[in-house]
J.: 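Quick one: structure below, then a few questions.
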Amino acid sequence: MSVAPQRRGRRIMMTPGELDAFLAAQRTCRVATVSADGAPHVSALWFAWDGGALWLYSVVRSRRWTQLGRDPRAAVVVDSGEEYGELRGAELAGRVEFVGEVPRTGGPCPELASVEPLFARKYFGLDEMPHDGRHAWARLVPERIVSWDFRKLGSP
């Protein structure tokens, strides 16, 4: 994965290890897509991070899925914290590609062999993915990642 370097905020950016741990622990992201008329659309979604790609498990009849099918550009924000000194997060931007059957019913797909158990454990406490025939997978391999961890600033 070749990611553009972060230019500003280097003092508070996460290291690769910190970013991996953060993305593995968080449960909800916000996905920004672009509508046909150029208007932005943001929606919350569950995700899995495999260390190189952000995997989005989306309803295929959603506005988000339709927009990604027409224009694969997306930006995703994952963040946490309540007080200023607790704020941490990352923005991952790039192009999404659909992986596996649409909708996903559980047929063999080698690209999903490690992602689906990861997602199933994280959200359902299961070793295998429960397929409902309404969702499918989209993979975002980030072209750009910007991260922040205000805890690195210390106490004022």
Side-chain angles (χ1 to χ4, degrees), residues 1-6 9 12-35 40-82 86-151:
M1 169 177 64
S2 173
V3 177
Q6 182 169 335
I12 61 172
M13 71 185 275
M14 294 183 201
T15 66
E18 290 168 342
L19 181 64
D20 283 344
F22 177 76
L23 292 174
Q26 298 304 306
R27 295 181 54 87
T28 305
C29 68
R30 285 176 275 308
V31 180
T33 57
V34 181
S35 67
H41 174 250
V42 179
S43 57
L45 194 62
W46 284 350
F47 69 95
W49 172 252
D50 69 2
L54 195 73
W55 292 86
L56 307 169
Y57 193 59
S58 176
V59 172
V60 299
R61 294 183 57 122
S62 67
R63 181 175 171 188
R64 167 187 48 248
W65 190 269
T66 300
Q67 290 174 344
L68 288 170
R70 191 191 67 267
D71 183 343
R73 295 175 300 162
V76 178
V77 171
V78 181
D79 62 341
S80 70
E82 298 294 324
E86 302 170 343
L87 299 177
R88 323 185 268 162
E91 177 193 7
L92 300 90
R95 295 180 183 278
V96 166
E97 63 180 318
F98 299 139
V99 178
E101 12 166 24
V102 178
R104 181 86 172 117
T105 58
C109 183
E111 288 181 281
L112 298 173
S114 62
V115 175
E116 288 189 326
L118 179 68
F119 190 90
R121 283 190 292 277
K122 183 175 182 179
Y123 294 102
F124 306 119
L126 303 171
D127 290 328
E128 292 184 20
M129 190 72 186
H131 299 288
D132 63 7
R134 297 179 4 187
H135 291 78
W137 289 102
R139 173 178 53 209
L140 173 73
V141 176
E143 296 166 9
R144 181 175 53 90
I145 299 175
V146 177
S147 65
W148 58 93
D149 185 345
F150 285 25
R151 300 173 309 168

J.: Take Tyr57 and Trp137 through the ring pair (Phe, Tyr, Trp, His ring centres under 6.0 Å) test and state the conclusion after the steps.
T.: CA-CA 5 Å; Tyr57 193 59; Trp137 289 102; 4.5 Å; yes
J.: Any side-chain heavy-atom pair from Thr33 and Val96 closer than 4.5 angstrom?
T.: no
J.: If you take all heavy atoms of Ser80 and Phe22, which pair is closest and at what distance?
T.: OG-CE1, 3.5 Å
J.: Report yes if the side chains of Phe47 and Leu140 come closer than 4.5 Å at any heavy-atom pair, otherwise no.
T.: no
J.: Taking side chain as C-beta onward, heavy atoms only, is Glu111 less than 4.5 Å from Arg139?
T.: yes
J.: For the residue pair Asp127 and Pro117, establish whether any side-chain heavy-atom pair is separated by less than 4.5 Å.
T.: no
J.: Quick check for you: to the nearest 0.5 Å, what is the distance between Glu143 atom CD and Leu92 atom CG?
T.: 11.0 Å
J.: How long is the gap from CZ on Arg104 to CD on Glu116, to the nearest 0.5 Å?
T.: 4.0 Å
J.: Should we count CD of Glu86 as having more than 12 external heavy atoms under 6.0 Å?
T.: yes
J.: Between atom CG of Asp71 and atom CZ of Arg73, what is the distance when rounded to the nearest 0.5 Å?
T.: 4.0 Å
J.: As a test of understanding, state which of Arg30, Arg63, Arg64 forms a side chain to side chain donor-acceptor pair (under 3.5 Å) with Ser43.
T.: Arg64
J.: Mind telling me whether Tyr123 and Trp46 have parallel, tilted or perpendicular rings, with 30° and 60° as the class edges?
T.: parallel
J.: Under 3.5 Å, is there a donor-acceptor pair between the side chain of Arg70 and the main chain of Val34?
T.: yes
J.: Does the side chain to side chain donor-acceptor pair (under 3.5 Å) test come out yes or no for Gln26 and Trp49, once each step is laid out?
T.: CA-CA 10 Å; Gln26 298 304 306; Trp49 172 252; over 6 Å; no
J.: Tell me whether Arg61 at atom CZ has more than 12 heavy atoms from other residues, nucleotides or ligands lying less than 6.0 Å away.
T.: no
J.: Does the pair Glu18/Arg88 count as a salt bridge with the N-to-O cut at 4.0 Å?
T.: no
J.: Counting C-beta onward and ignoring hydrogens, is there a side-chain heavy-atom pair between Val99 and Cys109 closer than 4.5 Å?
T.: yes
J.: About how many Å separate OG1 of Thr15 and CG of Asp20, when rounded to the nearest 0.5 Å?
T.: 8.5 Å
J.: List the steps and the verdict of side chain to side chain contact (heavy atoms under 4.5 Å, CB included) for Val115 and Met129.
T.: CA-CA 9 Å; Val115 175; Met129 190 72 186; over 6 Å; no
J.: I'd like to know if the side chain of Gln67 reaches the main chain of His41, judged simply by a donor and an acceptor atom lying under 3.5 Å from each other, with no hydrogens or angles considered.
T.: no
J.: Given Cys29 and Val31, is the side chain to side chain contact (heavy atoms under 4.5 Å, CB included) satisfied, shown in steps?
T.: CA-CA 6 Å; Cys29 68; Val31 180; 3.8 Å; yes
J.: Within this structure, what is the CG-CH2 distance for the pair Asp50 and Trp55, rounded to the nearest 0.5 Å?
T.: 6.5 Å
